[in-house]
Structures are given as C-alpha cells and as structure tokens.
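Have a look at the structure below, then the notes.
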Amino acid sequence: MLTLRAPDPAPASSTPSRDVGAAFVTAVTTRDIDSLRSLLADELRFRMLLPSGPTADSGAGAAVDRITSWFADADEIEVLASTSAEVGGRVAVTYRLRVHRPGGGHLIEQHVMLDLADDGRITSIDLLCSGFRRIASEESGQAHEYDAGDLGCADGLAGAFRDNIGSIPVGHVLVVSTSDPAAKEDLPSLARLMGHAVRSIEATPDGRLLVSVERRR
Amino acid sequence: MSDKLIFNCTYGKEHPERATLPFVAANIAAAAGQEAIVLCTIEAVWLGTHGGTDGIAQPGLPALADLYAEFIDNGGQVWLCGACAKPRGIAEDQLVKGSTIVGAAKVVEEVVAGAKTVAFA
C-alpha cells in the first residue's frame, strides 16, 4: 500500500526563491512528477554527488526520471526536517527523510543548491546525497524504547538511562527519546562512557531526539 | 585523544572581569588554531543567550559581546551547563550562534578523551 505523509506546508516565504525551494522539497517528497517538472527549466543542468560517485544529467525530463527512480520502491516517505534559504542569489535546500521500503526503514538526507531563471524556474541543481542509510532500530525487531522526557543531567538522567539499558539483553537496542536540550548532547556521551554503542541519532519534527543505543555489556 | 581546551566561566553580568577573562584566553587559543570551548556554568549560562553579553565591559578588557562574536568567528564553541540553564528557564530558542546546552556527561567524555580544562578566572 502506498502511503505518503509530509508535514504541513511551510508558511509562505517573503522571498519567491525560498518558495521555489520549498516547492521543490514538496514535489520530490510527494513524488508529484507534474509539479516537479513544472519547476524545472527545459535545459536543466543536474549535477549530483552520490555515494556511488559524481554524475550528471541534462534536461528536465532526465532529472525527473532520476529523482523519481530513487524513491520508486518506497511505501512511505516522511519528511523529518527540511530547510530552504536564499544564499547570495542561489537557493539552498536540505531535507531529511525517513523512507520505508520493502526491506525496512531508511534515512536519507540531501543538500541541494538551486539556480533560478528570471521566471523562477530552476536552471541548475547541485545535489549531495547521503544515500539510503538503514535505521538501526528497525533492523532486527530487537528494539526497546525509553522516554526520558525532560530529564537532564541534574535530574537523574544517568541513573535512569543505566537502569533502562541494563534491563534489556546485550545486543539489543534501546531507543531513548528526550526533549531536554542538555540530554540531547549528553545521552550519546553517557552511552559511550558506559561502554555501549550509539547506533543512530535522529531529530524528530516535534523537537525531540531519538538516540538508539546498542547494549554492549 | 582529544585536543580540546575547555575554559571554565562561572560569572555573568554581576562580575564583568570574571565573565570576560575566560573568553580572552579561549579566544587566544581559538585564534591560534586550537579547538577551544568556553564552558559556562552558574550565572555565566546567560552569556550564551540573546542579549546575555550586552553591557558587559570591564575597563581594560574588550566588550564581551564583541569578544564573544570574535571567538565564535575564530571557530570557538560555547557550552552552557544544562543543569544551570534549566532552572533559569533558558531554552534552545534563546541561544545565540555558537552556543549549545550540554550536560555533564558531554564534558566528562571530553576530559576522559584527553581534553584539558583551564580555570582562568
């Protein structure tokens, strides 16, 4: 079943170029081919630095085909974070996605610089891609969850984390959720100091941080 | 092995000289290419917030707002003690560029990895 989810559209920007950036993200993440094509100039230059190496496409059609091919097998695309800003006449766009594919969940992040023509169409795209990174906590089904709430280092965070990681078998993963700003920096350090392995760190749209820790001892 | 230099700062507006001196030393380190951090605790956590350095100027020392900006431009970082920021109601959206709220474990991990701490004022 195909399910698409995306956050509510960003508030209207005062600068048209940022609107183009936001529209680009929406078109890519909702796989809206017509909208994506309408944003691109016919003679588009598309340069990419992918995990497999640098490559390039010419023309809007090739770019649409390339981008849609990346997400063709996704059951669901969730936008975890996105930004769009003008930088000296170019448009800088970033987006981090959680992509559910038949083989499991993946994170992917792309950083894009756009050049626009006078009519607002995109004339060139320079794209840097993280590749599809498998989400550790979804690999084995051996993930456990602990919501640390707003506990900080003076409120017993270390003890609570130690008790929770100690309650799961060695080799399993504890996904710790925190909203405390200091704990966001502290939890990975705590985990490493206690001899465990930090498998992934992921920000959520509501401002929390999910830290996946594998119990090592 | 961590090469970080961590300069403690515990004072804010109530003691401009003590608030400024750690930044003087840390800025020297950052300007010299060292990985420098000012660790702000107690009242110093306000220094990493919007307006937190306004008006802090000890005669004979640079205005702290200018020094702070120069330090960040030189690659320095400012860490704000989370246990001190929370009871003062300081949230992430109040922080200025270069400042991060951290907890004790972050500092401990750096020190265990070899970071040197400097009590300068």
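By convention in this document, chain letters (A, B, ...) are assigned in the order of the sequence lines, proteins followed by strands, and residues within each chain are numbered from 1.
- Of the charged side-chain nitrogens involved, at least one lies within less than 4.0 Å of a carboxylate oxygen, so that A/Arg45 and A/Asp126 count as a salt-bridged pair.
- With a 4.5 Å cut-off on side-chain heavy atoms, A/Pro188 and A/Ile201 count as touching.
- To the nearest 0.5 Å, atoms CZ (A/Phe161) and CE (A/Met194) are separated by 6.0 Å.
- What you find for A/Val20 and A/Gly120 is that their closest heavy atoms are CG2-O, 3.7 Å.
- A/Ser189 is linked by a side chain to side chain donor-acceptor pair (under 3.5 Å) to B/Glu109, counting only residues two or more places apart in sequence or in another chain.
- No side-chain N or O of A/Tyr95 forms a donor-acceptor pair with one of A/Thr26 less than 3.5 Å apart.
- If you tally non-hydrogen atom pairs under 4.5 Å between each of B/Val102, B/Val112, B/Thr100 and chain A, the highest count goes to B/Val102.
- Residues meeting the salt bridge (charged side-chain N to carboxylate O under 4.0 Å, His left out) test with A/Asp118, sequence neighbours left out: none.
- Applying a 4.5 Å heavy-atom cutoff, none of the residues of residues 31-49 of chain B approach chain A.
- Of residues 75-96 of chain B, those residues lying under 4.5 Å from chain A by any heavy-atom pair are B/Gly82, B/Ala83, B/Lys86, B/Glu92.
- Under 4.0 Å is where a charged nitrogen must lie from a carboxylate oxygen, and between A/Asp115 and A/Arg90 at least one such pair does.
- Salt-bridge check for A/Arg133 with A/Glu109: failed, with every basic side-chain N at 4.0 Å or more from each acidic carboxylate O.
- What you find for A/Glu202 and A/Arg98 is that their closest heavy atoms are OE2-NH2, 2.8 Å.
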